[in-house]
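Each remark here refers to the structure printed beneath this line.
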Amino acid sequence: MSFVQIRDLSKKFGETAVFADIAMTIEQGEVCVLVGPSGCGKTTLLRVMAGLAQPDTGSIRIAGRDVLGLAPHQRGIAMVFQNYALFPNMTVAQNISFALEQQGKRGADLAQRVAAMIDLMELGPRANARPAALSGGQKQRVALARALALEPQLLLLDEPLSALDAQIRKRLQVEFKRLQARIGFTAVFVTHDQEEALILGDRIAVMQSGRILQSGAPHEVYGAPASRAVAGFIGNINILEPQTVRHVFGQVSQDAWALHPETISLSPTPDAAKITAPGESTDRRLLGSTVRYSVLVQGVSLSVDVLSRPSLPPLAMGTRVFVEVNPADVRLLTD
C-alpha cells in the first residue's frame, strides 16, 4: 500500500471546478512535485491535503489512515508557505520552537530539538536574529526547520522558493535535496517551474485545468510525455505536426513528433544512419553549459541545443548545416 493515497478528489468554489477526479499515490520517503501553470489547482490541492480546505468528493489516506475527517493538527502534516509565515517578533530559535511548544515540548527535549534544527539548517550564527534581519534564503530555511522540527509524516511545500533570486534558489534546491536524502521525509512540493520540478522530484505530477495529465519519474515525464500538453510544458521541445514531419524530414507519420532540442544534432554533412534535413542557423543564445540555436528547415524553425565548449567557436548566423535526429529519440504524440 502506498504511503499517501488520493482517490477521486474534487473541489469546487461555487460553480467553478478547481480540480476534479484527482488520483495520486506517493511512496514513503518520496518527493512528489506538483507542477503546472498558475490557476491549475496545485495550491488548492495542497490546502485540501493539509485540512485547510474541504473537498467535495474523494478520499485522502496517509499511512493507511483516512485524514479527511481530521483537523489539520491531527493529520501529521507540516506546511511551508511561499511567504515564509514567520513571527516577526520572535527570533530564529523562537520561531522554530513555537510549534513544538504547542505540542507540549518543554525543557531539555525542546532545547535539543531546536538546536538540532538550527544545526541542520546551518543557522547557528543567526539563532537570535529576528526575521527582519534575515535574507530570503535564511527565512526559507527557518520556515523549513520549523516544519521539520515537528517530524511530520508528510511535508507540504507551496512554492517555497519562488520569491528568491535565481542563485539563492538554485542553492536552496541543492540543500533541499541534501536534507531529503539525509532525513528521508515524504513531501509534496508545489511549483510552476518545470526545471525545479525535474531537479527536486522523485515523482512529478503535471497538472492542467484541474486535472493530472501525467504522473511518473522525472525522466519518464520528460523523456516520454503522454500528451501534447505535457510535452509543451515539461522542457523546451519542438512539436511537429504530421504534415510538418513530412515537409521537413520527408517522413510519413500518423502522429505528431516531439523532439527535445538536445536530441537534435548539427553537422556540415548528412549522416545516412539518421533522419536529416538541410537548414540554416538564424539565431543563437548562450544558456551557460549549452548554446541554443534556432535553425530554419524548410521554413520551420527548430530549437537545437549544443554543448558550449571554449574550443568550439559558435556557428555564425546564416551557416548552412544539416539537422540530424536519431530515430530512437523521436517521441510520438497521439493526442
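Positions are given from 1, in the same order as the sequence printed here. All values below were derived from every heavy atom in this structure, side-chain atoms included, with hydrogens, water molecules and symmetry-related copies excluded.
With contacts defined as side-chain heavy-atom distances shorter than 4.5 Å, the pair L100/D109 does not qualify. Counting heavy atoms from C-beta on, the side chains of Q173 and K177 never come closer than 4.5 Å. At least one side-chain heavy atom of L9 sits under 4.5 Å from a side-chain heavy atom of F19. Between E196 and V33 there is no side-chain heavy-atom pair separated by less than 4.5 Å. Residues R113 and E151 form a side-chain contact, since some pair of their non-hydrogen atoms from C-beta on lies under 4.5 Å apart. With contacts defined as side-chain heavy-atom distances shorter than 4.5 Å, the pair I234/Q214 does not qualify. You'll find the side chain of V80 stays beyond 4.5 Å of the side chain of L156, heavy atoms only. Looking at heavy atoms from C-beta onward, D271 lies out of side-chain contact with F322 at the 4.5 angstrom threshold.
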What's the verdict on side-chain contact (heavy atoms from CB on, under 4.5 Å) for D21 and R211, showing C-alpha distance, side-chain angles and the deciding distance?
-> CA-CA 7 Å; D21 303 321; R211 296 184 181 274; 3.3 Å; yes
Start with the C-alpha distance between D202 and E27, add both sets of side-chain angles, then the distance that settles side-chain contact (heavy atoms from CB on, under 4.5 Å), and finish with yes or no.
-> CA-CA 10 Å; D202 300 304; E27 303 305 322; over 6 Å; no
Could you please spell out the steps behind the side-chain hydrogen bond (donor to acceptor under 3.5 Å, both in side chains) verdict for D158 and T43?
-> CA-CA 7 Å; D158 186 13; T43 293; 3.0 Å; yes
Check against side-chain contact (heavy atoms from CB on, under 4.5 Å), V221 and V35 = CA-CA 11 Å; V221 176; V35 63; over 6 Å; no
Apply the test side-chain contact (heavy atoms from CB on, under 4.5 Å) to residues F233 and L213: give CA-CA distance (whole Å), side-chain angles for both, the deciding distance (0.1 Å), then the verdict.
-> CA-CA 11 Å; F233 191 82; L213 304 181; over 6 Å; no
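A donor-acceptor pair is defined here as one N or O able to donate and one able to accept, closer than 3.5 Å; no such pair exists between the side chain of R331 and the backbone of A258. A donor-acceptor pair under 3.5 Å links the side-chain atoms of R130 to the main chain of N89, judged by distance alone. A distance-only check finds no donor-acceptor pair linking the side chain of K42 to the backbone of M207 [under 3.5 Å]. No side-chain donor-acceptor contact under 3.5 Å links S294 to the backbone of T282. N95 places a side-chain N or O within 3.5 Å of a backbone atom of M90 that can act as its donor or acceptor partner. In this structure a side-chain-to-backbone donor-acceptor pair under 3.5 Å is missing from Y293 to L266. A donor-acceptor pair under 3.5 Å links the side-chain atoms of R106 to the main chain of E101, judged by distance alone. Of the possible donor and acceptor atoms, one in the side chain of S281 sits under 3.5 Å from a partner among the backbone N and O of A316. T263 places a side-chain N or O within donor-acceptor distance of the main-chain N or O of H260, the cut-off being under 3.5 Å. A donor-acceptor pair under 3.5 Å is formed between the side chain of Q180 and the backbone N or O of F185.
Rounding to the nearest 0.5 angstrom, the gap separating the CE atom in M24 from the CD atom in Q5 is 11.5 Å. Atom OG1 of residue T186 and atom CZ of residue F3 lie 5.0 Å apart, to the nearest 0.5 angstrom. Summarising the geometry, atom CD belonging to Q94 is positioned 11.0 Å from atom CZ belonging to F87; distances are rounded to the nearest 0.5 Å. Here the CG atom belonging to L148 is positioned 5.5 Å from the CG atom belonging to L155, to the nearest 0.5 angstrom. To the nearest 0.5 Å, the span separating CG on L154 from CD1 on I77 amounts to 5.0 Å. From Q140, atom CD reaches atom CG of L86 across 8.0 Å, with rounding to the nearest 0.5 Å.
Under the salt bridge (Lys or Arg N to Asp or Glu O under 4.0 Å) criterion, R309 pairs with no residue at all, not counting sequence neighbours. Residues satisfying the side-chain hydrogen bond (donor to acceptor under 3.5 Å, both in side chains) test with Q208, not counting sequence neighbours, are none. Checked against side-chain hydrogen bond (donor to acceptor under 3.5 Å, both in side chains), R126 has no partners two or more places apart in sequence or in another chain.
The two atoms that bring D255 and L333 nearest to each other are CB-O, 3.4 Å, heavy atoms only. Shortest non-hydrogen contact noted between S303 and N238 is N-OD1, 2.8 Å. Listed here is the closest heavy atom pair of S162 and R169: CA-NH1, 3.7 Å. Nearest heavy-atom pair, R65 versus Q74, reported as atom, atom and distance to 0.1 Å: NH2-O, 3.0 Å. Here the shortest heavy-atom pairing between A147 and P152 reads O-CD, 3.4 Å. Taking all atoms of both residues into account, the shortest heavy-atom contact from V297 to P278 is CG1-O, 3.4 Å.
L123 and F98 fall into different hydrophobic clusters, defined by Ile, Leu, Val, Met, Phe, Trp and Tyr side-chain heavy atoms under 4.5 Å apart, directly or through other members. When hydrophobic clusters are built by joining Ile, Leu, Val, Met, Phe, Trp and Tyr residues whose side-chain heavy atoms come closer than 4.5 Å, directly or via intermediates, V48 is grouped together with L52. When hydrophobic clusters are built by joining Ile, Leu, Val, Met, Phe, Trp and Tyr residues whose side-chain heavy atoms come closer than 4.5 Å, directly or via intermediates, V248 is grouped together with V330. Tracing side-chain contacts under 4.5 Å through hydrophobic residues (I, L, V, M, F, W, Y), one never reaches I264 starting from L312; they form parts of separate clusters. With hydrophobic clusters built from ILVMFWY side chains whose heavy atoms lie under 4.5 angstrom apart, M49 shares a cluster with I62.
A side-chain contact (heavy atoms from CB on, under 4.5 Å) with C32 is found for one member of V4, I26, L200 and no other, namely I26.
Counting non-hydrogen atoms of neighbouring residues, nucleotides and ligands closer than 6.0 angstrom, the CZ atom of R7 exceeds 12 such neighbours. For Q254, the CD atom sits in a loose shell: 12 or fewer heavy atoms of surrounding residues, nucleotides or ligands are nearer than 6.0 Å. The neighbour count for E241 CD, taken as heavy atoms of other residues, nucleotides or ligands under 6.0 Å away, is above 12.
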